[in-house]
2 protein chains.
Amino acid sequence: MTDAKHHDNQARAADNLISVFEHQILDGTLQDGEPLPTEREIVQTYGVSRTVVREAVLALSNKGLVDARPRFRPVVRKPGYDAAIQAVGSIVMRLLTVPGGVRNLFDLRIMMEVALAREAALHADRDHIADLKSALEANEAAIQDSHLFFETDTAFHGVLYDVPSNPVLPSIHQAYTDWLSNHWKQMPRQPDRNIKNARAHRAIFEAILLRDPDAAEAAVRAHLDAAWTQVRETFNDL
Amino acid sequence: MTDAKHHDNQARAADNLISVFEHQILDGTLQDGEPLPTEREIVQTYGVSRTVVREAVLALSNKGLVDARPRFRPVVRKPGYDAAIQAVGSIVMRLLTVPGGVRNLFDLRIMMEVALAREAALHADRDHIADLKSALEANEAAIQDSHLFFETDTAFHGVLYDVPSNPVLPSIHQAYTDWLSNHWKQMPRQPDRNIKNARAHRAIFEAILLRDPDAAEAAVRAHLDAAWTQVRETFNDL
DNA sequence: TTTATATTTTTGTCATACCAAACTAACAGA
DNA sequence: TCTGTTAGTTTGGTATGACAAAAATATAAA
């Protein structure tokens with residue numbers, strides 16, 4: 001899915017260097033956490049100019065394969081779900097700026113959490129249900145404290161992302177939570193909403209307890225539809 | 001969710017230039033399809049070196065904000081779902097290389113298509129059902145032609161991604177289709193599987209016709225579980 | 001008007017240089 | 001011996017200038 005497929009690009013010197021390091025990282029020649037050679041070393045090893053080296057390193061950084069802080073040696077970062085989702089983050093952020101972007105992405109979240117709730121209702125084991133229960137109780141105990149409520153709220157939802165034991169899902173939830181906490185300070189603070197949300201969480205939990213996927217779906221939909229009005233108020237200008 | 005949050009980076013000159021163009025693209029100062037100024041123009045306008053300009057342009061390209069073919073002027077590409085998903089593509093590709101990555105992502109696809117099938121069973125309108133019907137018939141008519149079958153197969157699934165009229169979904173399907181077609185030549189070619197798959201498609205279609213989400217879900221799961229064996233045979237080394 | 005050719009821009013790459021930040025090693029004191 | 005300081009070295013970020021090759025443009029020819 002690289003650009004090279006869509007345009008009839010001819011390979012640049014930088015592209016070769018990029019793929020060299022890409023392979024070295026993937027096949028373990030360059031271990032995770034290890035720094036890349038210095039730019040001048042690479043220049044000598046591969047017989048290219050520093051310009052090309054710099055371009056390649058930057059590309060690797062943008063691809064999320066290395067962690068490049070200014071003035072520091074780039075550090076190899078093995079592809080992992082967290083790293084990948086994080087690299088995706090800035091792109092998704094931009095989607096929020098297109099007309100209706102927030103709504104579309106929120107709908108995607110609804111679709112996902114509905115599926116997760118159904119899944120949980122059908123297949124959650126004792127441990128998951130115990131986690132869900134404690135997360136719910138922590139959330140209910142935090143209704144007075146807006147900040148704590150926010151944290152326990154996302155934690156409750158996070159349990160749902162853990163049920164299918166697919167490591168991609170927690171990463172997605174983490175990314176969403178990160179984004180939400182960035183904008184949380186702008187969101188209206190209303191304790192009565194906390195009460196409503198906590199009730200919604202309990203409804204979801206009980207539907208899962210009863211192993212009733214349809215009820216779980218309905219509860220999640222009701223909960224997130226209500227949450228949407230909060231989100232819309234915050235992003236009404238989009 | 002930029003790296004700047006995780007490390008105590010201090011801004012580089014290039015970063016400033018990047019954000020300048022980022023803003024200009026987002027607020028429409030630089031229109032979609034319009035080429036960026038020439039490098040030397042940017043040098044004069046912003047008083048930076050060409051090194052910095054190149055670095056910034058490359059970063060914008062990696063972010064998917066401009067379409068940069070070698071030796072051509074970079075062209076502004078408004079953030080759209082297609083561009084975003086495409087930019088995400090290389091990252092997702094890497095996830096396929098981690099142990100179990102293929103399985104985890106395929107599970108994600110199952111979760112998504114199950115949700116889409118349920119959605120279609122509940123809310124597909126006449127047009128969608130007509131599209132689905134013609135896609136199904138085209139698929140059934142192509143059982144003998146492996147290549148055509150592949151195309152009509154993905155087209156049938158694509159209709160499901162169109163039902164919720166959320167523009168993110170078709171982009172996701174497009175990205176998946178692109179990836180799949182890249183590896184399609186390696187996949188075993190078995191006409192009897194075409195028959196099975198066509199039957200599975202019909203089962204999905206009929207469940208949607210009957211507005212039976214549970215049956216639709218079951219049909220999709222059966223279909224994709226079978227498809228998984230095909231995928232696994234192709235990527236057994238992962 | 002269209003086509004072919006010549007001219008000018010522009011990009012990709014290289015080489016070199018400088019500064020400031022990061023790194024390293026020598027050193028002094030506890 | 002260990003620790004903290006300091007001076008010297010290395011390295012990344014940026015600037016500048018140069019050149020070949022490809023692209024864009026202008027010009028000439030049909």
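Naming convention: chains lettered A, B, ... in sequence-line order (proteins, then strands); numbering from 1 in each chain.
To the nearest angstrom, C1' of dA15(C) lies 14 Å from CD of Q44(A). Going from atom CG of L17(B) over to atom P of dT14(D) covers 10 Å, rounded to whole Å. In this structure, E39(B) atom CD and dG17(D) atom C1' are separated by 15 Å, rounded to whole Å. Summarising the geometry, the separation between CZ on R40(A) and C1' on dA17(C) is reported as 10 Å, rounded to the nearest angstrom. Between the CZ atom of R71(B) and the C1' atom of dT9(C) there is a distance of 12 Å, rounded to whole Å. Look at CG on N16(B): it is 9 Å from P on dT14(D), rounded to the nearest Å. Rounded to an integer number of Å, the gap from CZ of R50(B) to P of dT16(C) is 18 Å. We find that CG of L58(A) is positioned 14 Å from C1' of dT14(D), with the value rounded to whole Å.
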**Request:** Apply the test salt bridge (charged side-chain N to carboxylate O under 4.0 Å, His left out) to residues R193(B) and E233(B): give CA-CA distance (whole Å), side-chain angles for both, the deciding distance (0.1 Å), then the verdict.
**Result:** CA-CA 14 Å; R193(B) 272 202 177 137; E233(B) 285 166 16; 3.2 Å; yes
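In the set dT13(C), dT10(C), dA22(C), dT10(C) carries the atom at the smallest distance from any side-chain atom of R73(B). Taking only side-chain atoms of V52(A), from C-beta outward, the nucleotide of dA23(D), dT14(D), dT13(C) with the closest atom is dT13(C). Of the candidates dA22(C), dC14(C), dA21(D), dA22(C) carries the atom nearest the F72(A) side chain, counting heavy atoms from C-beta on. With dG12(D), dC14(C), dT16(D) as the candidates, the nucleotide lying closest to the side chain of S49(B) is dT16(D).
No close placement of the H173(A) and H157(A) rings is indicated, their centers lying 6.0 Å or farther apart.
Contacts of T51(B) with the nucleic acid, taken as non-hydrogen atoms under 4.0 Å apart, include base atoms.
Aromatic ring orientation, F106(B) versus W228(B): tilted (interplanar angle from 30° to 60°).
Counting heavy atoms from C-beta on, the side chains of L169(B) and M112(B) come closer than 4.5 Å.
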